[in-house]
Amino acid sequence: MNSKIGIVGAGIQGISNALFLQKKGFDITIFDREEPGSKVTSYGNAGHFSPYASLSLNRTDVLADVPAMLLSSTGPLALKWNYIPKMIPWFIKFIKNTTKNKMMHTAKYMHQILNLALPAYDELFDEINLENLVENKGILYIWDNKDLKSRELEIKVRDELGVKQQLVNKHEIHDLEPHIKPFYHAGVYYPYARHARNPKKILLKFFELFLKKGGKFVKENVETINFSSNNKPLIKTNFNSYSFDKAVISCGAFSKKLTDQVNEKIPLDTERGYHVHFKGYDHLLSRPVIFLNRGFGITPMEQGLRVVGTVEFGGLDNPPSKKRIQNLVNNAKYLFPQLEKHEDEWLGFRPTLPDFLPVLGPSKNHKNLFYSFGHHHLGWTLGAISGKILAGMIAEENTNLDLSAYNSLRFS
Ligand SMILES: Cc1cc2nc3c(=O)[nH]c(=O)nc-3n(C[C@H](O)[C@H](O)[C@H](O)COP(=O)(O)OP(=O)(O)OC[C@H]3O[C@@H](n4cnc5c(N)ncnc54)[C@H](O)[C@@H]3O)c2cc1C
């Protein structure tokens with residue numbers, strides 16, 4: 001088998017797709033307008049490998065919480081007001097996905113792939129020198145008294161799905177993370193979760209492996225994907241046209257520009273998120289900690305403490321919000337009053353569908369075009385498994401997974 005496949009996007013999705021397709025003998029070219037490892041979403045995330053996170057934001061209690069979250073100066077939610085009119089159709093679809101049935105549908109199908117996420121990464125990690133870039137110290141969520149109610153839903157749903165979780169009290173939290181100011185009341189610990197010490201370095205190691213295996217990279221902006229009379233894709237960039245047997249769109253939040261052109265109305269939008277670094281302070285934490293009341297997290301990384309958070313609805317073109325950065329900085333100092341100057345303010349774009357399931361599978365209109373995008377808050381965790389599943393689909397292999405829930409047909 002030596003079919004030629006063009007993949008648009010060199011984020012964690014595109015590169016993982018490429019590596020699993022190469023294992024099956026396909027000849028792969030990746031297109032990206034940026035160098036791999038540049039400051040796109042796969043570079044700046046919190047680095048959590050969180051296979052437990054099956055309950056997504058389309059939960060039954062979310063709508064009641066929105067007004068308070070929007071009004072709170074320390075809260076995670078924000079809007080760019082100029083973007084609201086464009087976002088209304090997405091919001092309406094999102095609201096329809098917050099019923100109990102829809103919430104459980106998403107949780108079940110997220111759980112199906114999350115459960116396979118770490119073993120799929122191990123298949124890729126076995127082929128690179130990981131050099132301590134992934135830590136196996138678990139991930140810890142903490143909260144103070146006020147927020148307990150909404151956490152109960154999360155814990156209950158995860159219990160129902162068979163997700164292993166360990167409730168921890170104040171003393172246990174202190175034993176795990178002694179440097180955090182002890183404002184917390186309780187928490188939940190996922191000991192088998194992992195974190196990346198530097199997502200960029202991991203991406204670059206995967207990219208080197210891809211090149212070593214004969215993969216090609218074209219640093220050009222993909223403008224359109226057309227189809228020949230025998231339905232073969234023709235990828236047209238700002239410089240050239242390239243023909244393939246099959247193509248994959250995995251451009252994260254930017255995928256909609258291409259899917260619109262092939263006449264599929266997929267309601268992809270973005271939840272913008274931010275990070276800052278406090279260099280030289282990573283010794284203060286052993287593992288990622290998320291303070292749930294304020295919806296932000298801190299991960300110890302090679303760059304220092306990476307403080308990550310915010311769900312901002314504002315599209316792809318609005319400038320970053322200084323207020324959101326300040327919110328992260330203030331929140332970090334609430335946990336660690338000794339923090340001083342922050343650096344590296346960064347904005348990224350979570351690719352999110354209103355039902356909080358990714359799109360994985362063939363295009364509705366073109367049998368040789370495939371999609372792998374829309375992994376919202378979990379695209380880093382789901383990189384390898386999505387790549388593995390998509391490679392299996394393209395190779396037309398049988399699977400015992402139920403993959404229908406990820407098909408773009410659900411929006412037709
Ligand atoms: C603040 C924040 C924290 C996060 N934390 C976590 C976490 O801890 N754990 C987790 O699992 N997930 C996390 N995520 C989510 C995760 O980072 C994303 O879901 C994931 O990185 C998306 O990967 P991707 O490959 O789909 O897209 P991207 O990383 O955005 O890559 C898409 C690529 O496509 C390229 N591209 C786009 N359009 C074109 C075009 N027309 N032509 C050529 N190239 C193009 C871009 O340049 C880019 O390189 C976080 C996200 C944010 C914003």
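Just follow the structure's listing: the first ligand is 1, and inside any ligand the first atom is 1. In what follows, residues are counted from 1 in the order of the sequence shown.
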- request: Identify, for atom 15 (C) of ligand 1, the protein heavy atom at the shortest distance, and state residue, atom and that distance.
  value: His376 O, 3.1 Å
- prompt: If you draw a 6.0 Å radius around NZ in Lys102, do more than 12 non-hydrogen atoms from other residues or ligands fall strictly inside?
  reply: no
message: Which residue and atom name correspond to the protein heavy atom nearest atom 27 (O) of ligand 1, and how close is it?
response: Gly252 CA, 3.4 Å
task: Look at the rings of His366 and Phe227 and say which category their plane angle falls in: under 30° parallel, 30 to 60° tilted, over 60° perpendicular.
output: parallel
Contact check, Gly47 vs ligand 1, heavy-atom distance below 4.0 Å: yes
Under 3.5 Å: donor-acceptor pair, side chain of Arg158, backbone of Tyr52: yes
- request: Looking only at protein heavy atoms, identify the closest one to atom 3 (C) of ligand 1 and say how far it is in Å.
  value: Val308 CG1, 3.4 Å
- prompt: Against heavy atoms of Gly273, which atoms of ligand 1 measure under 4.0 Å?
  reply: 1 (C)
Cation-pi check, Lys265 onto Phe411 ring (under 6.0 Å, within 45° of axis): no
field: Test of proximity, Phe373 against ligand 1: N or O pairs below 3.5 Å
entry: no
message: With nothing but distance in play, are any N or O atoms of Gln13 less than 3.5 Å from an N or O of ligand 1?
response: yes
query: Under a heavy-atom criterion of less than 4.0 Å, does Arg272 contact ligand 1?
result: no
- prompt: Within 45° of the ring axis of Tyr83 and under 6.0 Å from its six-membered ring centre, is that where the NZ or CZ of Arg272 lies?
  reply: no
- request: Look only at interatomic distance and state if Thr381 has a nitrogen or oxygen under 3.5 Å from any nitrogen or oxygen of ligand 1.
  value: yes
- prompt: Nearest protein heavy atom to atom 5 (N) of ligand 1, by residue and atom, and its distance?
  reply: Ala46 N, 3.0 Å
Other residues, nucleotides, ligands: >12 heavy atoms within 6.0 Å of Asn230 CG: yes
field: Donor-acceptor contact below 3.5 Å, side chain Lys205 vs main chain Asn129
entry: yes
statement: Among non-hydrogen protein atoms, atom 22 (C) of ligand 1 lies closest to Ser42 OG, 4.0 Å
4.0 Å heavy-atom contact, Arg33 with ligand 1: yes
- prompt: Under 3.5 Å between some N or O of ligand 1 and some N or O of Val222?
  reply: yes
- line: atom 7 (C) of ligand 1: closest protein heavy atom, distance to 0.1 Å, is His48 N, 3.7 Å
query: Nearest protein heavy-atom contact for atom 12 (N) of ligand 1: which residue, which atom, what distance?
result: His377 O, 2.8 Å
query: Going by distance only, is there an N or O of Ile12 that falls short of 3.5 Å from an N or O of ligand 1?
result: yes
query: Under 6.0 Å from the six-membered ring centre of Tyr43 and within 45° of its axis: does the NZ or CZ of Arg306 meet both?
result: yes
message: Check whether Tyr141 forms a cation-pi arrangement with Arg151 (NZ or CZ under 6.0 Å from the six-membered ring centre, at most 45° off the ring normal).
response: no
- request: Identify the protein heavy atom lying closest to atom 50 (C) of ligand 1, giving its residue, its atom name and the separation to 0.1 Å.
  value: Asn45 CB, 3.4 Å
- prompt: Is it true that the side chains of Glu177 and Tyr184 contain a donor and an acceptor less than 3.5 Å apart?
  reply: no
